[in-house]
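So the structure is just underneath, and the comments pick up after that.
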Amino acid sequence: MFNSLSDRLTATFKNLRGKGRLTEADVDATVREIRRALLDADVAVPVVREFTGRVRERALGAEVSAALNPSQQIVKIVNEELQEILGGETRRIRLAKNGPTIIMLAGLQGAGKTTLAGKLSKWLKAQGHSPMLVACDLQRPNAVTQLQVVGQRANVPVFAPHPGATSTELDQPAGDPVAVARAGVEEARQKLHDVVIVDTAGRLGVDAGMMEQARQIRRAIVPNEVLFVIDSMIGQDAVNTALAFDEGVNFTGIVLSKLDGDARGGAALSVASVTGKPVMFASTGEGLDDFELFHPDRMASRILDMGDILTLIEQAEKAWDKDEAARMAKKFADQEDFTLEDFLAQMQQIRNMGSMKKMLMMMPGAQNIRQQLEQFDEREIDRVEAIVRSMTPHERLAPKIINGSRRARIARGSGVHVSEVNGLLERFAQAQKMMKKMAQGGMPGMPGMPGMPGAGGGARKNAKNAPKKKAKSGNPAKAAQERKEAEARRANAAKALPTGAAFGQQSGEFDPSQLNLPKGFDKFLGK
């Protein structure tokens, strides 16, 4: 969504690198580029004017002039100001003290409210709540049916006493949306659901009749939260739409839908600042799991290509199997071989975390390799899994037995070329070697790392600078004298060594049993 804006801002900050002191002209040029980047991203003009004014004022102050690295200080200022226009801090749902928490959804037609109702209900269920959906969109054809399907996929009950319009928008809706909303809240209270999500009909900002219906629903159910669902791709019109809905239903929070689109995304940076209402959630895809709590600081970091490691860690914690991780840790500690069975288990863990592209785009500096990430084929994981599953259990445990005929059979079974099987086995052999070195306490890649003493080419390079050994003399008497002097030096060096060993052993062979180490640990000491 913010690729274009991120590219422009990153390029702007690159021009400041290496400057020990920033002049007023440097600051003005930077602010001018930031202004252009924001306007190109469809951010509202008043928001751009206020944002760049604050950045310029802070950049010309003592905050930057006294900094050791002025360019990094400018990035820090822009990051903090981006957080402010995105809402400042994370805003969570205000839960009711008594009775069910009532959440009303409002927004334009086509903004994605019905799908978002299912996403929000599934997210709340994962938080330990017991939500229920109420179908009050009786205007759009098959809207009630859509909500029922979404609720079934999320495994959440749906209250839908009326089918609504079924063929065209000219059909008269069968039922009163206000009465349905009121009955839905009462039904949730009787069945002890602690959260009620009311899906209302989409409307236009200028549609006075539909806006009045939304106001009546709000007065009837008195919701704890009114969430305004806005399409992140609607551009400059986002501000006018948000102001119209704020006046009509007085929403308490904003949900950004379609945040995975390729539009410029200025709506996200404008609405919160203009309305003063916080962005609470973001919808990032079509699946019910593509939904997340909105963190202004993390979103600002993504825009500035600084990554979002915290969200990445949270996703990993939710998807990672702790038992499997403990099993792999024990296997790693015992220096057991890493097998294709383990490789397959790790791939399934990664698959549970979601899209690889989305995860990699959360890494710092991901914008620099965005083109490569966009070309990444998510189905590659499926092909690799198919290859491994086409092997026999014995072949997965001992890949070295896989000869030419076995490779041809595996290729036929997985529907790939033999070259792909060969490539996978080569990559796996490299990974297996790396795991062995790590288990033995070494660092992968060290033997061939240039510039390191005793490692590949680095050893030869350092040999040039090493002191040359003195050549032996051809005179037998002189050679005997040199041997005596060398023996004397070694004897003096031995006397200078400490008598105790590192583990307190004074003499004799080292015995690890005296250290009370964990069982099996002595293998790491060479015993």
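Starting from 1, each residue takes its place in the sequence as its number. Quick note: numbers below take in every heavy atom, side chains included, and nothing from hydrogens, waters or symmetry partners. Computed from a predicted structure; not experimentally measured.
- Residue pairs that meet the side chain to side chain donor-acceptor pair (under 3.5 Å) test with at least one member in residues 125-135, sequence neighbours left out, are His129-Asp194, Ser130-His193.
- Residues satisfying the salt bridge (Lys or Arg N to Asp or Glu O under 4.0 Å) criterion with Glu57, sequence neighbours excluded, are absent altogether.
- The side chain to side chain contact (heavy atoms under 4.5 Å, CB included) test applied to Val274 returns Val47, Val239, Leu243, not counting sequence neighbours.
- Screening residues 213-233 for ring pair (Phe, Tyr, Trp, His ring centres under 6.0 Å) gives Phe228-Phe245, Phe228-Phe251 as the qualifying pairs, with residues at least two apart or on separate chains.
- The salt bridge (Lys or Arg N to Asp or Glu O under 4.0 Å) test applied to Glu420 returns no partner, not counting sequence neighbours.
- Listed by chain and residue number, Phe159 satisfy the side chain to side chain contact (heavy atoms under 4.5 Å, CB included) test with Ala183 (two or more places apart in sequence, or in another chain).
- Residues satisfying the salt bridge (Lys or Arg N to Asp or Glu O under 4.0 Å) criterion with Glu341, sequence neighbours excluded, are Arg396.
- Take Ala154 and apply the side chain to side chain contact (heavy atoms under 4.5 Å, CB included) test, not counting sequence neighbours, and it matches Ser121, Lys122, Val156, Leu288.
- The list of side chain to side chain donor-acceptor pair (under 3.5 Å) pairs with a residue in residues 89-103, not counting sequence neighbours, reads Thr90-His295, Arg91-Glu225.
- Under the 30°/60° scheme for interplanar angles, the aromatic rings of Phe281 and Trp123 are found to stand perpendicular.
- Shown here are the side chain to side chain contact (heavy atoms under 4.5 Å, CB included) partners of Ala214, two or more places apart in sequence or in another chain: Met104, Arg203, Val249.
- Asn250 pairs by the side chain to side chain donor-acceptor pair (under 3.5 Å) definition with Lys277, not counting sequence neighbours.
- In terms of the salt bridge (Lys or Arg N to Asp or Glu O under 4.0 Å) criterion, Asp297 has no residue partners (sequence neighbours excluded).
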